[in-house]
Amino acid sequence: MSQTHPEQLPRGALILGGALVAFAFTLTATMRIAQVPPAASPVLLRSADHVAPVRSRTLRFIDAPDRGVRIEDAGTGRTASVIVPDQKTGFIRGVMRGLARERRMRGIGSAPPFTLTQWQDGELTLTDTATGRSIELNAFGTTNRAAFAALLETPETPRILEMGR
């Protein structure tokens, strides 16, 4: 009499899983043996191609009592922009929330500024001067990139930006 064990995996699933592992191992080994270089970061590519910054601005993001955010030019101390609730620049807030969380995890306060840089190749980067983390803003689309690009302008009166919920 044969016994059946319903807890066992089907033989075909085990073979398929083993084949997948073997394929991944073979592909990895081939890339290593062929010495295919890993994809370079944008920072390394810009350095290798000698891409210079076109414009740069050092900014601080300060929470306002009305749940908004005041963006201050760290060099002059002047307000560069104000993000108020119920408006459409939630992307800036979302990016800054992630960077602030990383700073809190490292025990770093909000005093160190961020550097926003536009490069000759059109790329836009936000760099946390405290942690060294850089965010390539072009990767998030033209609308979200434009929200940060507007902060590179230095108008006499601060811009009021809208913040999505």
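Only this structure's heavy atoms are used, side chains among them; waters, hydrogens and symmetry mates stay out.
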Next on the checklist: How long is the straight-line distance from CG of Leu137 back to CG of Leu151, given to the nearest 0.5 Å?
Outcome noted: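 CG of Leu137 is found 10.0 Å from CG of Leu151.
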Next on the checklist: Measuring from atom CG of Asp73 to atom CZ of Arg78, what distance do you get when rounded to the nearest 0.5 angstrom?
Outcome noted: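 Going from CG on Asp73 over to CZ on Arg78, the span is 9.0 Å.
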Search all heavy atoms of [X] against all heavy atoms of [Y] and return the closest pair with its distance.
X: Ala80; Y: Leu59; answer: CB-CD2, 4.2 Å
X: Asp128; Y: Leu99; answer: OD2-O, 4.4 Å
X: Ser56; Y: Thr117; answer: OG-OG1, 3.4 Å

What residues, two or more places apart in sequence or in another chain, satisfy side-chain contact (heavy atoms from CB on, under 4.5 Å) together with [X]?
X: Ile108; value: Arg103, Arg106, Pro112, Ala130, Thr131
X: Glu123; value: Arg46, Trp119, Asp121, Glu136, Asn138
X: Ser47; value: none
X: Arg97; value: Arg93

Checklist entry - What salt bridge (charged side-chain N to carboxylate O under 4.0 Å, His left out) pairs are there with at least one residue in residues 11-23, not counting sequence neighbours? => result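 Qualifying pairs: none.
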Checklist entry - Do any pairs count as a ring-ring contact (aromatic ring centres under 6.0 Å, His included) and have a residue in residues 20-62, sequence neighbours left out, and if so which ones? => result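 Every pair satisfying ring-ring contact (aromatic ring centres under 6.0 Å, His included) with a residue in residues 20-62: Phe61-Phe114.
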Checklist entry - Quick one: ring-ring contact (aromatic ring centres under 6.0 Å, His included) pairs with a partner in residues 126-148, sequence neighbours left out? => result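 Counting only pairs at least two positions apart or across chains, the ring-ring contact (aromatic ring centres under 6.0 Å, His included) contacts touching residues 126-148 are Phe91-Phe140, Phe91-Phe148.
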Which atom pairs, donor and acceptor, lie under 3.5 Å between side-chain atoms of residues 26-33 and protein residues at least two apart or in another chain?
residue: Thr26; atom: OG1; partner: Ala22; partner atom: O; Å: 2.8
residue: Thr28; atom: OG1; partner: Ala24; partner atom: O; Å: 2.8
residue: Thr30; atom: OG1; partner: Thr26; partner atom: O; Å: 2.7

Checklist entry - Does Arg60 use its side chain to pair, donor to acceptor, with the backbone of Ala111 at less than 3.5 Å? => result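 Here the side-chain-to-backbone pair exists.
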Checklist entry - If we only count heavy atoms from C-beta on, is the Val82 to Val69 side-chain gap below 4.5 Å? => result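 Result no, sub-4.5 Å side-chain heavy-atom pair not found.
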Item to check | Test side chain to side chain contact (heavy atoms under 4.5 Å, CB included) applied to Val51 and Leu45, step by step | outcome: CA-CA 8 Å; Val51 176; Leu45 290 173; over 6 Å; no
Checklist entry - Arg70: what forms a salt bridge (charged side-chain N to carboxylate O under 4.0 Å, His left out) with it, not counting sequence neighbours? => result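 Applying salt bridge (charged side-chain N to carboxylate O under 4.0 Å, His left out) to Arg70 gives Glu72.
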Next on the checklist: For Arg55, give me all partners under side chain to side chain donor-acceptor pair (under 3.5 Å), at least two apart in sequence or on another chain.
Outcome noted: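 Result, side chain to side chain donor-acceptor pair (under 3.5 Å) vs Arg55: Gln118, Glu153.
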Item to check | For Ser134, side chain to side chain donor-acceptor pair (under 3.5 Å) partners two or more places apart | outcome: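 Side chain to side chain donor-acceptor pair (under 3.5 Å) list for Ser134, sorted by chain: Thr127.
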Checklist entry - Can you list the other members of the hydrophobic cluster that holds Ile62, where links are side-chain heavy atoms under 4.5 angstrom apart? => result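 ILVMFWY cluster around Ile62 holds nothing else.
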Next on the checklist: Test side chain to side chain contact (heavy atoms under 4.5 Å, CB included) on Thr125 and Ile135; report intermediate values, then the result.
Outcome noted: CA-CA 6 Å; Thr125 304; Ile135 297 177; over 6 Å; no
